[in-house]
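Here the structure is laid out as C-alpha cells; the discussion comes afterwards.
Everything numeric here is computed off the predicted structure, so don't read it as measured data.
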Amino acid sequence: FTLSQSHKKGYEILLKIKSILNYNGNITHTKKVDSYCLAITSKKLIRNLSKYGIIPNKSLILEFPKELKLDYLKPFIRGYIDGDGSVGIYQKNRNIPLLCINFVGTELFMRKCLELLPIKGIFRKIKTSKNLYEIRYYGIKAVDFGKWLWENKNLPVYYKEEIFNDYLKENVENIEYRRNFHEKINNYLKEMNDGVSPTEMAKKYNTQPFYFFTLRRRSKNGKSFSN
C-alpha cells in the first residue's frame, strides 16, 4: 500500500509514520505537484489496517470500523480529518473571520460518526458525488468541536490543527462575542418553545415582533445560529 502527502508538512507526517513502523524504505518525491509517497509491502500490515477501514478507494466505500473501541474515537476522527477533512477560515458578516471544519465519507460511515460524536454538525449529501456525504461545523460549533478533537496536546501538531490554534489565538474577542450571541439566541428560542409568543417577546425585549417571528421560523427550518 502507499501513503501520499503534499508539501513539507506532508513529508514530515510520512517521516513520523516511518519512524513509528521502524520502516527503512524510501519516501519518493514528485516535484511537479510537490507530492511525497511512502510505499510499504506487508501482507500482515495490510490485513490489520483493513480491519479499521484502510482499504483501496476508502472514501467511496468505507464503513465505520466495527473493531474500533470508543476510547479511540477521538484519535481516529482526528486522523481521518487529517486525510479526508479540511479546516478553513472564511470572511463573513462584515469581514468577521468564520471558522469551518468539515470531513467527508460514505453515508454509512458518516451517519455512524454523527451518532457517536459528542458535538453534532450539519449532515448533508455532496451533490456532485453519488456516495459522498459531509459533516460540517461552523462558528462556535467548529470552535467547540476543534477543542474536543485536538484536546490531547501530547500528539504531534499538523497543518490543520495549526490553522485551528492560530484562529483561537487571533480571534479571542470574536469567539467570545459569537458565544454570547449564540447563548442569547438559544435563550430566546427556549422562551418561545415554553409558550411565549413572538409578540410578547418583542414587548419584553423592546424590539420588533418581526425579529422573533423570523427567529422562530429559521429555527423550525433547521437553520444554524452558531455562526
Test Leu149 against Glu161 for side-chain contact (heavy atoms from CB on, under 4.5 Å), laying out the working first.
CA-CA 9 Å; Leu149 186 67; Glu161 185 179 356; over 6 Å; no
Tell me yes or no: between the side chains of Tyr205 and Glu200, is some donor less than 3.5 Å from an acceptor?
no
Find out whether Thr106 and Met110 are in side-chain contact, i.e. whether some heavy atom of one side chain is under 4.5 Å from a heavy atom of the other.
no
Identify the two heavy atoms, one from Ile163 and one from Val87, that lie closest to each other, and give their separation to 0.1 Å.
CD1-O, 3.6 Å
Who passes ring pair (Phe, Tyr, Trp, His ring centres under 6.0 Å) against Tyr167, sequence neighbours left out?
none
Tell me if the centroids of the rings in Tyr90 and Tyr138 come within less than 6.0 Å of each other.
no
Please walk me through it: do Tyr80 and Phe109 pass ring-ring contact (aromatic ring centres under 6.0 Å, His included)?
CA-CA 11 Å; Tyr80 189 87; Phe109 180 85; 4.6 Å; yes
Check the pair Phe212 / Val196 against side-chain contact (heavy atoms from CB on, under 4.5 Å), numbers first and verdict last.
CA-CA 11 Å; Phe212 293 101; Val196 182; over 6 Å; no
In sequence, state the C-alpha distance, the side-chain angles, and the governing distance for Asn187 and Glu183, and then conclude on side-chain contact (heavy atoms from CB on, under 4.5 Å).
CA-CA 6 Å; Asn187 288 336; Glu183 183 178 348; 4.0 Å; yes
Just wondering, do Asn152 and Pro75 contact through their side chains at under 4.5 Å, heavy atoms?
no
Heavy-atom side-chain proximity of Ile140 to Phe181 below 4.5 angstrom:
no
Just how far is it from atom CD of Glu12 to atom CD1 of Ile27, taken to the nearest 0.5 Å?
10.5 Å
Would you mind checking if Lys204 and Glu191 are paired as a salt bridge, meaning a charged N to carboxylate O distance below 4.0 Å?
yes
Under the criterion ring-ring contact (aromatic ring centres under 6.0 Å, His included), I'd like the reasoning laid out for Phe76 against Phe64: C-alpha separation, chi angles, the key distance, then a yes or no.
CA-CA 11 Å; Phe76 175 78; Phe64 199 89; 5.6 Å; yes
Value for CG (Asp82) from CD1 (Ile13), rounded to nearest 0.5 Å, stands at 5.5 Å
Is there a side-chain contact between Tyr133 and Ile126, using heavy atoms and a 4.5 Å cut-off?
no
So His29 and Tyr36, would you call those rings parallel, tilted or perpendicular, with 30° and 60° as cut-offs?
parallel
Smallest heavy-atom separation, Leu68 atom then Leu73 atom, equals CD2-CA, 4.3 Å
Evaluate side-chain contact (heavy atoms from CB on, under 4.5 Å) for Tyr137 paired with Val143, printing each intermediate quantity in order.
CA-CA 8 Å; Tyr137 296 89; Val143 170; over 6 Å; no
Atom CD of Glu162 with >12 non-hydrogen neighbours under 6.0 angstrom:
yes
At their closest point, which heavy atom of Asp144 faces which heavy atom of Arg179, and how far apart are they?
OD1-NH2, 2.8 Å
